[in-house]
Amino acid sequence: MPLTKRLAIIAAVFFLAAGQSASAQGLPKPEDVLGFKIGDDYHLATYIQAIDYLKRLAASSDRVKLMDMGKTSMGQTMTYAVISLPQNLASLDKHKDISRRLALARLAPAEARKLAQEGRAVVYIDGGLHASECAPAQHNIQLAYELAAAQDAKTLRILNDVILVLVFANPDGMNLLADWYHPNVGTPFEVAPMPRLYHIYAGHDNNRDSLVANLVETQNITRLVNREWYPVVYYNHHQTAPFPARIWTPPNSEPTNPNVHPLIVRWQNMIGSAMGAAFDEEGKEGAISRIVFDTWYPGYMTQVVDSHNIISILTETALYRYATPRFYTVRDFPAAYQDLTMSAFYPNPWKGGWWRLRDAVAYCLTASKSVLDAASKYREELLYNKFRMGSDTIERFRKEPPYAYILPADQADPGNLALLLNRMILLGIDVFKAEEGFTSDGIAYPPGTFILPLSQPFGLFLKNAFEEQKYPDLRKYPDLWQGLVASKAFEGAPFEAYDMMGWTLPYQFGLKSVAAQTPLDVKMSPQNEVRFGSGKIEGRAGFGYLLSSGENASYTVVNRILKSGGRVFRAKKEIAVQGRTYPPGSFVVPSGAAQAVVIEKAAKDLGLRPAGLADRPNVETAEIRKPRLAIYQSWLASAEEGWTRFILDRHEFAFDVLHDADIRAGSLKAKTDVLIMPDYGSGQAVVEGYAKGTMPPAYVGGITPNGLRNLKIFAEEGGTIVFMNGIADMAVEMFGAPARNVLKGVKSQDFICSGSILRMEFDPIHPLAYGLPKEGAGVFADSLAFEISPAYGGKKEAKSVAKYAGENMLMSGWIHGEKLIKDRSAVLDVTYEKGRLVLLGFPVHFRAQPYGTFKLLFNAIY
Ligand SMILES: [Zn+2]
């Protein structure tokens, strides 16, 4: 740091010590520390630089406090800023307590009113969740500076009324992106896409994780929001405006998620419209609303908080690429926008011109300040409404069903039950355990049954996560839903949601859950954490141990035993031990001192329920060889590839990563026994890869036809290839697997089902479906349905392991044209010369959420 700046900071600290407010002159500007102005062409600050700057700002300003909320997936500390007037920062505990009490809503209205008068509006704003949408993270830095430096009456009023929690939502991505972009500046590849995910596991799906909170970043933010700050507004910045609009703001598109309090929708519309007015007041053209982005799916950071009575605001500012500027004329616009027509939700169309990172940052700043301004002006109403929404929800479900979700403790996979309940606790839900037996709707439940009452402040979130979704047909009432002058029958294909249409978590986790239709009367106790592990092994382990193939944790333990050199066998039939039936494929572990330690530890930590085997079991078994496992990673970064690594890591499978060059080099059998081909949409995509000239040479060309030949040789020589969802077409089209995808080439007029939960029929005697129920739930998203062709030559034979149900196929969401896939196969086991192709035609681990079907992947590996 130059000496003059060091002196400036010392001076600022001195003023603080003297008890005076820091003056703007005393504060370091972002450019003083970064060496460039925020928004300058070709310059992106990394997360490390951003925090370095914020630390200096916080050291000189009495309006900025930095706090930590945990680590990222790559091990960085997530630091966030709290910005307000010094007197508010001095009493953060008091204001947090007011926010919490209003949010939890167990108050008399008069007391809530008093707290609302006294409290401050906590506003959460984040930037950088989608790292390639780079303006929002940069805007955070500038916003912190401008709020710290401002002396005008309006900003002082805002800082008096509001406590801003300012978050970098994806610190790893901010670094990865800058490190990719900067070396490419000035080369032909300046705007080339990043060949890696900008979140190590989730990429773009880090905004699809909020319902389950698998990622540590999501967990940190969830804890901050639902357990610590209880903000009134949650503002999540993005940068995918519908072109040529310069920013998209609420009101949202349809359909509207039904599990939100109406006040949420009203305030979203109000704040979004106030934002639009701020743009027009400042002469910033091109703010649009209402189209594209709906609120149906609650996996987003924004929609998950809506049912927590927090007003979520999404914006999508325009982006060209990174920090590279671009000039547009009206002729570049889609036809509908070329005549610059004024409309209710796009009253000030953008007319074209330059668009630079600086412009995007300026739009983000206007939008953030507008949200802060609204929170200041409506501070008391927002705080009171927060109480009102919580209290209305508590009252509503005292009088109407569902009164509670009941989850028996005795589930096929108790580890999945514990996981789901603990995530619900993290998400602010009160979870109880019955202290006594009880009857509900004619069904008797034993003591120890879990009860999640709907009558709680965030009960709507619980309902949202647990109920079956009934997706509306948007063709029915276009006048009501789309604001047309008169009703008109809408012809053509139905409308899909922006994302998933059904997500019911108990289905995805493979759990029994019952919605109580009558009020419950049972003594129950609140749970801070759900743990099943007694650490005890049932029965004497004379011969060894038995672990259920139905429990995901068993696979983790098997990996630990194999890693330590122990032996594991799979029973080919079910085994009954100590009154419990273990499904086919359960693991038999011969006893040994090392095995005992691993299994006892897992019984405690993972809630596993192992049984001791006094004698050798009386069924045929097959030994598991520790597989050498590899996963293919294309440079066409895919979130589903990342999620595959996530669940492999989580269940402790060791694996190598193979890139295009490795596949092209061949001799794959020397490298691995099992190769996973993750979902890259299609086989064609990975064979071709990026076209020459679009990326630096190291990343172009795909696996090539030669690499495809090497994959075939790998299978012919005895290797196993596991094709995940969309890429399973590769096995059919390129390997000649004896099957046909009946959905190939089918138009949306005839079939739509992107993101619903379907009833599946599994064959639990087949080793691929070991541990699965005969009938269960599967996610369908850009999936395949197979018709098996007659085998030829005995060299390629396909066996169906799972199929879409013949009746009542839709469990949650929506399907149009279900007869097309009725009774068709979803999973195929294909013999291929000496090897094997496994076609998982539906996403068995979609976004790491359907915990109930991970086993199809794990079994394929063994
Ligand atoms: Zn985005």
Side-chain angles (χ1 to χ4, degrees), residues 44 47 72-73 124-140 143 166-178 180-181 191 193-194 196-211 213 215 217-218 221 234-250 252-253 268 272 275 286-306 312-324 355 357 359-361 363-365 367-368 371 497-500 637-640 642-643 755 847:
L44 294 173
Y47 174 72
T72 66
S73 295
Y124 168 106
I125 297 180
D126 70 29
L129 180 69
H130 287 161
S132 60
E133 302 165 14
C134 44
Q138 306 296 310
H139 125 286
N140 275 14
L143 180 64
L166 185 64
V167 170
F168 292 90
N170 177 11
D172 294 343
M174 202 174 161
N175 290 337
L176 291 169
L177 193 93
W180 166 251
Y181 173 66
V191 297
M194 215 169 113
R196 293 177 193 85
L197 296 173
Y198 53 64
H199 178 283
I200 185 173
Y201 288 126
H204 203 71
D205 274 359
N206 62 357
N207 195 27
R208 305 290 187 273
D209 184 48
S210 299
L211 187 58
L215 305 175
E217 291 87 348
T218 316
I221 290 173
Y234 180 107
Y235 178 12
N236 181 230
H237 277 272
H238 288 260
Q239 242 191 314
T240 319
F243 184 73
R246 293 298 90 189
I247 188 168
W248 179 96
T249 74
N252 296 283
S253 181
Q268 280 168 338
M275 237 181 218
I288 199 167
S289 302
R290 186 70 174 151
I291 61 167
V292 185
F293 301 103
D294 65 53
T295 62
W296 182 253
Y297 175 58
Y300 313 120
M301 309 288 267
T302 41
Q303 266 57 65
V304 80
V305 302
D306 284 347
S312 81
I313 300 294
L314 169 78
T315 61
E316 300 273 0
T317 303
L319 164 73
Y320 172 53
R321 303 267 191 284
Y322 309 103
T324 295
W355 190 254
L357 179 63
D359 299 312
V361 169
Y363 272 59
C364 290
L365 285 168
S368 286
V371 168
Y498 186 81
D499 205 271
M500 291 187 85
S638 143
E640 282 303 295
W643 286 122
R847 297 172 178 165

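Numbering of ligands and ligand atoms starts at 1, following listing order.
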Taking side-chain contact (heavy atoms from CB on, under 4.5 Å) as the definition, give me every residue that meets it alongside P242, ordered by chain and number, with sequence neighbours left out. W248, I288, I291, V292, F293
Can you name the salt bridge (Lys or Arg N to Asp or Glu O under 4.0 Å) partners of D499, sequence neighbours left out? R208, R847
With sequence neighbours left out, what residues match R290 under salt bridge (Lys or Arg N to Asp or Glu O under 4.0 Å)? E254
Any side-chain donor paired with an acceptor under 3.5 Å for H139 and S368? yes
When you check the space around the Zn ion (ligand 1), which protein N, O or S atoms turn up under 2.8 Å? H130 ND1, E133 OE1, E133 OE2, H238 ND1
Checking H199 against Y201: is there a side-chain donor and acceptor pair closer than 3.5 Å? no
Verify side chain to side chain contact (heavy atoms under 4.5 Å, CB included) between Q303 and Y297, making sure each step is shown before the conclusion. CA-CA 7 Å; Q303 266 57 65; Y297 175 58; over 6 Å; no
